[in-house]
Amino acid sequence: MKWLFLLFPATALLFAGCESVKSDAGAVPQSAASMLGDLPLGIIGETEAVYLEGFSAPFEARVDTGATTSSIDARNIRGFERDGKKWVSFQIVSRGEKLTRSYELPVERVATIKRHGAESMQRYTVLLTFRIGHLTLQREFTLADRSHFEYPVLLGRNVINGLAAVDPSRRNVL
């Protein structure tokens with residue numbers, strides 16, 4: 001019983017320095033707010049619009065902080081050699097416009113994609129120029145048939161790192 005009398009004062013001292021915290025769903029903590037000023041895109045949602053040259057309609061993109069490299073829906077992917085270097089030809093189809101554009105670009109690298117419960121696969125990676133929000137960027141994208149996915153574009157950390165914070169409860173913020 002003696003220890004109970006010691007426990008109460010110790011507990012009171014422990015909580016004496018704590019402040020009451022009010023939850024405000026829309027509020028951003030001060031330290032986070034100052035960091036957002038350093039991010040050109042600020043807070044983005046789990047999905048955002050991405051614009052590619054030659055297409056007037058945007059591509060819906062799923063933001064995936066778990067993906068290292070971004071990916072885009074490409075068809076008729078064929079590797080070839082030009083001047084002793086690896087190149088790839090492919091087509092991008094706009095689902096909204098039903099417009100197809102053909103590309104021939106140098107291969108930046110061949111990425112190994114690890115898949116849960118399946119064998120790893122190799123994908124060509126190319127540099128693509130695109131616009132998200134007010135920024136025009138050039139980043140690596142792996143080429144993959146994403147026709148069976150809801151979103152034709154997956155934005156990975158290579159795009160969002162240092163540019164945006166992601167709020168998964170929001171969509172199409174930009």
Side-chain angles (χ1 to χ4, degrees), residues 35-174:
M35 286 190 302
L36 290 176
D38 296 336
L39 299 173
L41 292 175
I43 296 176
I44 63 173
E46 73 169 340
T47 60
E48 290 296 341
V50 170
Y51 296 85
L52 292 174
E53 267 186 50
F55 295 97
S56 57
F59 287 76
E60 284 189 276
R62 172 84 161 89
V63 179
D64 184 353
T65 60
T68 304
T69 308
S70 300
S71 183
I72 191 162
D73 185 13
R75 312 288 169 78
N76 303 318
I77 304 166
R78 291 188 175 77
F80 65 96
E81 204 170 292
R82 179 179 286 164
D83 299 325
K85 295 184 180 177
K86 288 183 183 181
W87 281 63
V88 64
S89 67
F90 59 96
Q91 294 176 325
I92 293 179
V93 179
S94 169
R95 294 179 185 177
E97 294 177 293
K98 304 291 185 216
L99 178 67
T100 301
R101 185 162 180 227
S102 297
Y103 294 81
E104 283 189 354
L105 294 172
V107 174
E108 290 298 309
R109 63 188 175 92
V110 177
T112 300
I113 306 299
K114 296 177 184 174
R115 302 181 304 163
H116 300 288
E119 286 187 34
S120 295
M121 60 187 318
Q122 303 286 307
R123 287 192 190 152
Y124 292 112
T125 303
V126 297
L127 280 177
L128 290 177
T129 301
F130 64 99
R131 185 172 56 83
I132 180 168
H134 65 280
L135 298 178
T136 298
L137 306 167
Q138 187 177 48
R139 296 289 191 274
E140 284 188 356
F141 281 81
T142 61
L143 304 176
D145 181 348
R146 295 184 54 84
S147 59
H148 56 284
F149 288 102
E150 185 176 354
Y151 300 98
V153 177
L154 179 88
L155 293 180
R157 291 190 308 264
N158 70 316
V159 169
I160 58 177
N161 190 26
L163 295 179
V166 180
D167 180 348
S169 69
R170 299 173 73 185
R171 301 172 65 89
N172 300 316
V173 176
L174 302 174

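Just so you know, these numbers use all the heavy atoms, side chains as well, and skip hydrogens, waters and symmetry mates.
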For the CD atom of Glu108 and the OG1 atom of Thr142, what is their distance to the nearest 0.5 Å?
13.0 Å

Heavy-atom closest contact (Gly162 atom, Pro40 atom, distance)
O-CD, 3.5 Å

Taking Asp83 for the side chain and Lys85 for the main chain, is one N or O donor matched with an acceptor at less than 3.5 Å?
no

Do you see a donor-acceptor pair shorter than 3.5 Å between the side chains of Thr129 and Glu53?
no

Cut-off 3.5 Å, side chains only: do Asn158 and Ser70 have a donor facing an acceptor?
yes

Can you check whether Arg146 reaches Ile72 side chain to side chain, under 4.5 Å on heavy atoms?
no

If you take all heavy atoms of Arg157 and Thr68, which pair is closest and at what distance?
NH2-OG1, 3.1 Å

Interatomic distance, CG@Leu143 vs CZ@Arg123, rounded to 0.5 Å, equals 9.0 Å

Val50 versus Val159: any side-chain heavy-atom pair under 4.5 Å?
no

Which heavy atom of Ala49 sits nearest to which heavy atom of Ile132, and what is that distance?
O-CG1, 4.0 Å

Starting at CG of Leu154, measure out to CD of Glu60 and round the result to the nearest 0.5 Å.
13.0 Å

Flag side-chain contact, heavy atom, 4.5 Å: Val88 against Ile77:
yes

For Ile43 versus Val173, what's the shortest heavy-atom pair and its separation?
O-CG1, 3.4 Å

Backbone of Leu174 reached by a side-chain donor or acceptor of Glu48 within 3.5 Å:
yes

Whether over 12 other heavy atoms sit under 6.0 Å from Glu119 CD
no

Could you tell me whether a side-chain N or O of Arg62 sits under 3.5 Å from a main-chain N or O of Thr47, the two making a donor and an acceptor?
no

Would you please test Thr112 and Met121 for side-chain contact (heavy atoms from CB on, under 4.5 Å) and show each step?
CA-CA 6 Å; Thr112 300; Met121 60 187 318; over 6 Å; no

About how many Å separate CG of Leu163 and CD1 of Ile44, when rounded to the nearest 0.5 Å?
8.5 Å

Step through the shown structure and confirm whether more than 12 heavy atoms of other residues, nucleotides or ligands are within 6.0 Å of NE2 on His148.
yes

Separation between CG of Leu155 and OG of Ser71, rounded to the nearest 0.5 Å
10.0 Å

Under 6.0 Å between ring centres: does that hold for Phe90 and Tyr124?
no

Tell me the closest heavy-atom pair linking Val166 and Gly45, and the distance in Å.
CG1-O, 4.0 Å

With Glu81 via side-chain hydrogen bond (donor to acceptor under 3.5 Å, both in side chains) - residues at least two apart:
none

Taking atom types as modelled, find out whether Arg131 and Thr136 have a side-chain donor-acceptor pair closer than 3.5 angstrom.
no

Treating Asn76 as the side-chain partner and Ser89 as the backbone partner, does any N or O pair qualify as donor plus acceptor under 3.5 Å?
no

Using the ring pair (Phe, Tyr, Trp, His ring centres under 6.0 Å) rule, pick out the option among Phe59, Phe141, Phe55 that qualifies with Phe130.
Phe141

Evaluate side-chain contact (heavy atoms from CB on, under 4.5 Å) for Ile92 paired with Thr100, printing each intermediate quantity in order.
CA-CA 6 Å; Ile92 293 179; Thr100 301; over 6 Å; no

So, for Val126 and Pro106, which heavy atoms are closest and what is the spacing to 0.1 Å?
CG1-O, 3.8 Å

Do the non-hydrogen side-chain atoms of Val153 and Leu52 ever get within less than 4.5 Å of each other?
no

Quick one: which of Leu127, Thr125, Leu128 gives a side chain to side chain contact (heavy atoms under 4.5 Å, CB included) with Leu105?
Leu128

Distance check, rounded to the nearest 0.5 Å: Arg95 atom CZ versus Glu150 atom CD?
9.0 Å

Sole candidate of Val63, Leu39, Leu41 that passes side chain to side chain contact (heavy atoms under 4.5 Å, CB included) when paired with Ile160:
Val63

